[in-house]
Amino acid sequence: QVQLVESGGGLVQPGGSLRLSCAASGFRLDYYNIGWFRQTPGKEREGVSCISGREISTYYTDSVKGRFTISRDNAKNTVYLQMNSLKPEDTGVYYCAADLPVTTVQAMCLMNPSSLGYWGQGTQVTVSS
């Protein structure tokens, strides 16, 4: 059974850090591009960061550049999102998605989320004092 499971969300004060994990089962993550998307009430799901499978290619949306780092550990079949210097506007439900590498990682992060193949259930991140 193909499954993506996110973890690592929580409540953190502004300026704090969290590391999200996206663990896959039922398929090999290194055959796929992986993306982190977030959704806040009243807004569409947006691509935050995406990473390629075999090659080290990454994309970040402008609002998180210099603060977030996406990485992968193919031996653990897991992708991470290290989030530093968190801001209240980073609050949202964070989802990971996997898709075949038929596009660039930038394109993956910018495309309609409904076009992507596999999704996790999401993990809540709340940045608040």
Side-chain angles (χ1 to χ4, degrees):
Q1 181 181 1
V2 172
Q3 195 173 16
L4 291 171
V5 178
E6 301 97 333
S7 61
L11 172 63
V12 63
Q13 291 186 342
S17 298
L18 285 173
R19 188 177 80 156
L20 306 183
S21 299
C22 172
S25 60
F27 67 104
R28 286 181 55 168
L29 271 185
D30 57 344
Y31 288 170
Y32 291 78
N33 290 342
I34 305 298
W36 284 98
F37 294 75
R38 69 184 172 198
Q39 189 158 26
T40 54
K43 293 186 178 180
E44 294 184 354
R45 195 171 295 188
E46 64 167 340
V48 174
S49 182
C50 293
I51 188 168
S52 59
R54 297 298 182 90
E55 300 177 0
I56 307 303
S57 177
T58 58
Y59 169 84
Y60 299 92
T61 194
D62 286 346
S63 64
V64 307
K65 284 180 180 177
R67 300 188 298 121
F68 290 12
T69 303
I70 191 169
S71 63
R72 61 192 309 152
D73 185 337
N74 290 333
K76 294 183 178 180
N77 221 25
T78 300
V79 171
Y80 304 97
L81 185 67
Q82 178 67 43
M83 305 187 296
N84 298 328
S85 302
L86 282 162
K87 303 176 181 180
E89 52 263 42
D90 295 318
T91 294
V93 179
Y94 283 69
Y95 299 88
C96 66
D99 207 36
L100 290 171
V102 295
T103 63
T104 65
V105 291
Q106 178 176 350
M108 178 184 182
C109 263
L110 296 177
M111 72 171 52
N112 187 329
S114 65
S115 302
L116 300 176
Y118 302 107
W119 288 92
Q121 82 291 348
T123 185
Q124 175 71 44
V125 172
T126 303
V127 184
S128 175
S129 56

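This is a predicted model, so every value here is computed, not measured.
The backbone N or O of V5 sits nowhere less than 3.5 Å from a side-chain atom of Q121 that would complete a donor-acceptor pair. Side-chain N or O atoms of R72 include none that pairs as donor or acceptor with a backbone N or O of I34 at under 3.5 Å.
Note: D99 CG to S115 OG = 8.0 Å, rounded to the nearest 0.5 Å. Here R67 contributes atom CZ and S85 contributes atom OG; the two are 7.0 Å apart, rounded to the nearest 0.5 Å. In this structure, OG1 in T123 is found 6.0 Å from CG in L20, a value given to the nearest 0.5 Å. How far SG of C22 is from CH2 of W119: 10.5 Å, rounded to the nearest 0.5 Å.
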Which atom pairs, donor and acceptor, lie under 3.5 Å between side-chain atoms of residues 101-112 and protein residues at least two apart or in another chain?
from, atom 1, to, atom 2, distance (Å)
T104, OG1, A107, N, 3.1
N112, OD1, S114, N, 3.0
N112, OD1, S114, OG, 2.8

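Using cut-offs of 30° and 60° for the angle between ring planes, the Y118 and Y32 rings count as perpendicular.
The nearest pair of heavy atoms linking P14 to S129 is CD-N, 3.7 Å. The heavy-atom pair separating G26 from V2 by the smallest distance is O-CG2, 4.1 Å. Of all the heavy atoms in S21 and W36, the pair that sits closest is O-CH2, 3.5 Å. Considering every non-hydrogen atom in both S17 and N84, the closest pair reads OG-OD1, 2.9 Å.
Using a 4.5 Å cut-off on side-chain heavy atoms (C-beta onward), F27 and N77 make no contact. Using a 4.5 Å heavy-atom threshold, the side chains of I70 and Y60 count as touching. Contact of the Y95 side chain with the Q39 side chain is registered, since non-hydrogen atoms from C-beta on lie closer than 4.5 Å. Residues L86 and F68 are in side-chain contact: their nearest non-hydrogen atoms beyond the backbone lie under 4.5 Å apart. Contact annotation: the side chain of V48 never approaches that of D90 to less than 4.5 Å [non-hydrogen atoms, C-beta and beyond]. The shortest distance between side-chain heavy atoms of V125 and V127 falls below 4.5 Å. Residues L81 and S49 form a side-chain contact, since some pair of their non-hydrogen atoms from C-beta on lies under 4.5 Å apart. Taking 4.5 Å as the limit, every side-chain heavy atom of E89 sits out of range of all side-chain heavy atoms of T40.
Of the options V93, V64, T91, a side chain to side chain contact (heavy atoms under 4.5 Å, CB included) to R38 is made by V64 and by none of the others. Put simply, the residue from I51, L4, D73, N74 that forms a side chain to side chain contact (heavy atoms under 4.5 Å, CB included) with V79 is I51.
L18 and L11 end up in different hydrophobic clusters when Ile, Leu, Val, Met, Phe, Trp and Tyr side chains are linked at under 4.5 Å.
Salt bridge annotation for D62-K65: present, with a cationic side-chain nitrogen under 4.0 angstrom from a carboxylate oxygen.
With sequence neighbours excluded, the residues forming a side chain to side chain contact (heavy atoms under 4.5 Å, CB included) with R19 are Y80, Q82, listed by chain and number.
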